[in-house]
A.B. asks: 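If you scroll down you'll find the structure; I have some questions about it.
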Amino acid sequence: MKEITTTYDQKKEPDIYKIWEMSGYFNPDNLSGKPFAIMMPPPNATGTLHIGHAFESSIQDIMIRYHRMKGEKALWLPGTDHAAIATNTKVEKILTKEEGKNRHDIGREAFIAKVEEFVAASRGTIQNQLRKVGASADWSREAFTFDETRNLAVRTAFKRMFDAGLIYRGIRVINWDPKGQTAVSDDEVVYKQELGQLFYFKYSKDFPITIATTRPETKLGDTAVAVHPKDKRYKAYVGQEFDLEFAGAKLHLKIVADETVDPDFGTGAVGVTPAHSIADYEIAQRHNLPAIQIINEYAKMTQQAGSLAVGKKTKEAREIVVSWLNEQSLLEKTEKIDMNISTAERSGGIIEPLPKLQWFVDVKKKVKSQKSKVKSLKELMHDAVASGKIKILPERFEKIYFHWIDNLRDWNISRQLWYGHRIPVWYKGDQIYCDVESPKDSGWEQDEDTLDTWFSSALWTFSTLGWPKETSDLKAFHPTDVMAPGYEILFFWVARMILMSTFLLEEIPFKTVYLHGIVRDIQGRKFSKSLDNGIDPVEVIDKYGADALRMALVVGVGPGNDSKYDEMKVKGYRNFANKIWNASRFVIQSSYDADEQAKLNEADKKTLSEFEEFARNVTKKMEKFDFAHAAEDLYHYFWHTFADKIIEESKAKLAEPKLRTSAQRLLNEILNDSLVMLHPFMPFVTEAVWQLEHKDLLMVRKWPIKTARKNPTKKSL
RNA sequence: GGGCGGUUAGCUCAGUGGUAGAGCAUUUCUUUGACGUAGAAAGGGUCAGAGGUUCGAAUCCUCUACCGCCCACCA
């Protein structure tokens, strides 16, 4: 009798992974069939993987393994993201901590070298973590958003958009992060609710209108007061202009009427600060008002802010203005108010809107494509989903996507960071030059800014395939089949991939977006450094095995739904892995004299056809992206039908010579196909069992149920 | 201010018109030769609340409450 250990030992997982990797089947070049591609959302190259990444990788690995077993040329392309802001910030923090310096102390070149060193180490960690999870990714194609191929893609994309007039440079009031010393896009601003104070005051004794503000210091830069056109209280004043002295500054204020003013908030009159509020800037443009910059990049008051506040931090300036108002008896009252303060997503710094010269992607301008369609980027993004060419799952996110597009403004793509793709634009005198390569003749200075990291990740579905070169990979695998990121980056990333792909390739980037939710701790809180509630997936895997973790993360979790990480659940699936091992052990040990050609008796035929029915149902769920239920069904069938009933009943049959051969065949058929179907979810234990009796690899065995082919043709716009 | 999701057994969650489900936990029993990381069995829910549609509602409609999320130029 074959010696098989009585418990499954998950310590063998790394050996199994090596066998897979050596086989070459992670690389679709060694597979045949219809291409099927998933691009891995690239984790930030600075970090290590957390439990959420393990979840995301599990979902993708399930799909990839399923399609590989269906006989498709499955490509799962892994990679990492240079994550400009996050990395820049992190490395600068380390630099300050270890050497007491900031990036300017060591210079651009030395700083970049530090970053690259840090990123290289981190990338290695991430790769190994993904291997531990069982990710059957094609490492030979691994990409990095900041490597040479991707760099060329970025410059090419910029150049083409620049030439099409979709990228422009201009002074706009943008979101400035004084802490990170860079501009950030609208989507990188997060609002935090805080209790603030609303100050009601008049600019001067002679000024007829009381206004309300939460930021008195910004009033030093006011150039107008706006009221609603239908507001009877103020109608008489519209058009009047006032010169006055306000807290050490000279103001020239015009009363204007603007639809956007809410007559019911505060006094119904707004002090307009064009240089330090995006909303006010828009009002100012409509009424031809000047903008006076009174706050600088370090959140300190400028010369223009007047004699009292100049050089002070905004907070101090506020106190100065408030006490001046008090002295002058201009402050009428204050009110406590819930307000949203905007902060930078990455650095946490408080956003200070400032007028700045920046690069933008124009999302409204209509351009003619090669296929002669005249559409704006907004329309391209909208139509790709509205036409049904791209399906977003769960469907409710499509509505959210459309709503985001409706409100979309031009995308600020320039960052004042050092780590990132340099903008491929050069200046000489008042000449400007944009190209993929730097100009040949001397005297040109390259633009100092770098690009928003999302600009490069937006190219991910095709930059990974070698674009702008016309590679065979690009031809075979683009548009990709599935993209499986978390719903929190629908706007940051998914929408922008659609933008880039539809414009640059005139093709959708992927057919299906499968959005997953956030894995939270057992109390339902997000994992965060500040709470120190993080869980290292590698520790969990070492304790219970990757299969157990994968199942625990996938079962019971619907698309787009958040879930709670529970170690008890992992333990339960560790037990299941052991169940698979032992049920297999029993079948193997009972099959030493089995005959593959043995005839099934009627009772066993019926059992087998019930299994086939079950297998068809599981397949249906796989096709519908319903992995949670497919996994649960497999678990339930294997344990409570196959192990508890079919195996138990077989014990008596095996002892009966007339029934023995049929029973043996039944057990082997169901076991083998069960292993195949469990494999995408629990690749290690199933392969370990398979290797006991077979020479080939389970990972490339054929899925037992055939499915109708979908998407036979390449989808394009 | 808009929009979305959730509220089902102690816990985590399935279940979209036809007699309430799973896993874990709990209780009892089983030292059976695949597995005690096991097996057999049991207890446990007026499906958030109210109203409506229906022969019939956890499931459809309306409203309410609470929890959570997203969006928005309340200065």
Side-chain angles (χ1 to χ4, degrees), chain A residues 1 4-8 10 173 186-187 190-191 196 198-200 211-216 218-219 222 225-227 258-273 276-283 337-340 342 353 394-397 399-404 406-409 487-488 490-491 517-518 520 522 524-526 544-545 548 551-552 555-558 560-590 626 628-629 632-633 635-636 639-640 643-644 647-648 650-651 667 671:
Chain A
M1 191 168 282
I4 302 173
T5 55
T6 57
T7 51
Y8 167 62
Q10 74 264 7
V173 173
D186 295 342
D187 296 287
V190 290
Y191 295 95
L198 193 59
F199 299 86
Y200 288 75
I211 63 154
T213 184
T214 51
R215 295 195 62 188
T218 63
K219 301 297 101 185
D222 283 9
V225 167
V227 297
D258 197 278
E259 292 279 347
T260 59
V261 178
D262 176 4
D264 297 326
F265 185 83
T267 62
V270 188
V272 181
T273 323
H276 299 287
S277 153
I278 293 172
D280 290 6
Y281 182 74
E282 285 170 3
I283 293 177
I337 183 178
D338 279 327
M339 55 181 284
N340 283 331
S342 22
E395 227 165 83
R396 63 188 143 94
F397 284 98
K399 223 158 109 183
I400 297 173
Y401 173 81
F402 290 134
H403 183 251
W404 178 80
D406 289 343
N407 291 301
L408 188 61
R409 287 189 294 206
Y487 61 74
E488 73 276 13
L490 178 63
F491 308 140
I518 296 165
R520 298 167 176 278
I522 195 73
R525 304 173 305 179
K526 268 191 178 180
Y544 298 107
M551 284 294 275
V555 174
V557 181
N561 284 349
D562 291 355
S563 57
K564 292 178 183 173
Y565 170 80
D566 182 0
E567 189 175 332
M568 290 309 287
K569 201 169 163 188
V570 184
K571 196 175 168 187
Y573 287 107
R574 189 273 316 264
N575 295 354
F576 180 51
N578 193 55
K579 192 73 183 176
I580 294 171
W581 181 259
N582 277 291
S584 307
R585 180 168 176 255
F586 174 81
V587 173
I588 290 167
Q589 289 177 341
S590 313
D626 188 3
H629 287 111
E632 194 174 349
D633 290 354
Y635 169 90
H636 209 260
W639 199 320
H640 300 298
D644 291 346
I647 286 185
E648 286 310 316
S650 77
K651 286 175 182 171
L667 290 175
L671 175 66

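In what follows, every chain begins at residue 1, and chains take the letters A, B, ... in the order their sequences are listed.
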A.B. asks: Does NZ or CZ of A:Lys651 come closer than 6.0 Å to the centre of the six-membered ring of A:Phe586, within 45° of the ring's axis?
C.D. replies: yes
A.B. asks: Base, sugar-phosphate or nothing for A:Ile647? Non-hydrogen atoms, less than 4.0 Å.
C.D. replies: base
A.B. asks: Which nucleotide sits closest to the side chain of A:Ile400: B:rA38, B:rC70, B:rA75?
C.D. replies: B:rC70
A.B. asks: Rounded to the nearest Å, what distance is computed from the CD atom of residue A:Glu567 to the P atom of nucleotide B:rC11?
C.D. replies: 20 Å
A.B. asks: Distance-only, no hydrogens or angles: does the A:Asp566 side chain make a donor-acceptor pair with backbone N or O of A:Ile522 under 3.5 Å?
C.D. replies: no
A.B. asks: What nucleotide among B:rC73, B:rA75, B:rC35 has an atom nearest to a side-chain atom of A:Arg409?
C.D. replies: B:rC73
A.B. asks: Nearest-Å distance, CG (A:Leu490) to C1' (B:rC4)?
C.D. replies: 13 Å
A.B. asks: Answer with base, sugar-phosphate or nothing: what part of the nucleic acid does A:Tyr635 contact at a heavy-atom distance below 4.0 Å?
C.D. replies: sugar-phosphate
A.B. asks: Taking for each residue the nucleotide of RNA chain B bearing the nearest heavy atom, is the 5' side occupied by A:His403 or by A:Val261?
C.D. replies: A:His403
A.B. asks: Does the structure show a Watson-Crick or G-U wobble partner for B:rG1, both distances under 3.5 Å? Name it, or say none.
C.D. replies: B:rC71
A.B. asks: May I ask you to say what A:Glu648 touches in the nucleic acid, namely base, sugar-phosphate or nothing, with a heavy-atom cut-off under 4.0 Å?
C.D. replies: base
A.B. asks: Give the nucleotide from the list B:rC71, B:rA75, B:rC4 with an atom nearest to the side chain of A:Thr213.
C.D. replies: B:rA75
A.B. asks: Which one, B:rC73, B:rA34, B:rC74, comes nearest to the side chain of A:Phe586?
C.D. replies: B:rA34
A.B. asks: According to the Watson-Crick and G-U wobble definitions, with both distances under 3.5 Å, which nucleotide is paired to B:rC60?
C.D. replies: B:rG52
A.B. asks: On a whole-Å scale, what distance lies between the P atoms belonging to B:rA20 and B:rG43?
C.D. replies: 15 Å
A.B. asks: Rounded to the nearest Å, what distance is computed from the NE2 atom of residue A:His640 to the C1' atom of nucleotide B:rA41?
C.D. replies: 14 Å
A.B. asks: Starting from C1' on B:rG33, measure out to CD on A:Gln589 and report it in whole angstrom.
C.D. replies: 10 Å
A.B. asks: Whole-Å distance between B:rA22 P and A:Tyr573 OH?
C.D. replies: 14 Å
A.B. asks: Which whole number of Å gives the distance between the P atom of B:rA42 and that of B:rC24?
C.D. replies: 16 Å
A.B. asks: I'd like the C1' distance from B:rA57 over to B:rG51, given in whole Å.
C.D. replies: 13 Å
A.B. asks: Whole angstrom is fine here: how far is it from CH2 in A:Trp639 over to P in B:rG23?
C.D. replies: 10 Å
A.B. asks: Could you check which nucleotide pairs with B:rU7 in any of the strands shown, counting Watson-Crick or G-U wobble with both distances under 3.5 Å?
C.D. replies: B:rA65
A.B. asks: Taking A:Asn407 for its side chain and A:His403 for its backbone only, find out whether a donor-acceptor pair lies under 3.5 Å.
C.D. replies: yes
A.B. asks: Identify whether any heavy atom of A:Asp562 sits under 4.0 Å from a base atom; if not, whether one sits that close to sugar-phosphate; answer base, sugar-phosphate or nothing.
C.D. replies: nothing
A.B. asks: Among B:rA38, B:rG3, B:rA22, find the nucleotide with the atom closest to the side chain of A:Lys399.
C.D. replies: B:rG3
A.B. asks: Look at all strands and tell whether A:Arg396 reaches a base, only sugar-phosphate, or nothing, counting heavy atoms closer than 4.0 Å.
C.D. replies: sugar-phosphate
A.B. asks: Which of the following nucleotides, B:rA14, B:rG5, B:rU37, is nearest to the side chain of A:His629?
C.D. replies: B:rA14
A.B. asks: Is the base of B:rA34 touched by the side chain of A:Lys651 through a donor-acceptor pair closer than 3.5 angstrom?
C.D. replies: yes
A.B. asks: Using the C1' atom as the reference point in each nucleotide, state the distance between B:rG68 and B:rA48 in Å, no decimals.
C.D. replies: 15 Å
A.B. asks: A:Tyr565 OH to B:rC11 P: how many Å, rounded?
C.D. replies: 21 Å
A.B. asks: Look only at the side chain of A:Trp581 and the backbone of A:Thr5, and say whether a donor-acceptor pair between them is shorter than 3.5 Å.
C.D. replies: yes
A.B. asks: Among the nucleotides B:rC74, B:rC24, B:rC71, which one has an atom lying closest to any side-chain atom of A:Asn407?
C.D. replies: B:rC71
A.B. asks: Evaluate the side chain to side chain donor-acceptor pair (under 3.5 Å) criterion for residues A:Asp633 and A:His629: first the C-alpha distance (whole Å), next the side-chain angles of each, then the deciding distance (0.1 Å), finally the verdict.
C.D. replies: CA-CA 6 Å; A:Asp633 290 354; A:His629 287 111; over 6 Å; no
A.B. asks: One pair to check against salt bridge (Lys or Arg N to Asp or Glu O under 4.0 Å): A:Arg409 and A:Glu282. What are the steps and the verdict?
C.D. replies: CA-CA 12 Å; A:Arg409 287 189 294 206; A:Glu282 285 170 3; 3.1 Å; yes
A.B. asks: Rounding to a whole Å, what distance do you find between A:Asn578:CG and B:rG36:C1'?
C.D. replies: 10 Å
A.B. asks: Taking B:rG21 as the reference, what is the distance to B:rA41 when you measure between their P atoms (whole Å, please)?
C.D. replies: 16 Å
A.B. asks: Between B:rC73, B:rC13, B:rG5, which one does the side chain of A:Lys564 approach most closely?
C.D. replies: B:rC13
A.B. asks: In the structure shown, which nucleotide is the Watson-Crick or G-U wobble counterpart of B:rC13, with both distances under 3.5 Å?
C.D. replies: B:rG21
A.B. asks: From C-beta outward on A:Lys579, which listed nucleotide comes closest to its side chain: B:rA22, B:rG39, B:rA75?
C.D. replies: B:rG39
A.B. asks: In whole Å, what separates the P atom of B:rG39 from that of B:rU54?
C.D. replies: 49 Å
A.B. asks: For nucleotides B:rU62 and B:rG23, find the distance between their P atoms and express it as a whole number of Å.
C.D. replies: 36 Å
A.B. asks: Tell me which nucleotide among B:rA22, B:rC74, B:rU37 gets nearest to the side chain of A:Thr7.
C.D. replies: B:rU37
A.B. asks: For B:rG15 versus B:rG52, give the span between their C1' atoms, rounded off to a whole number of Å.
C.D. replies: 24 Å
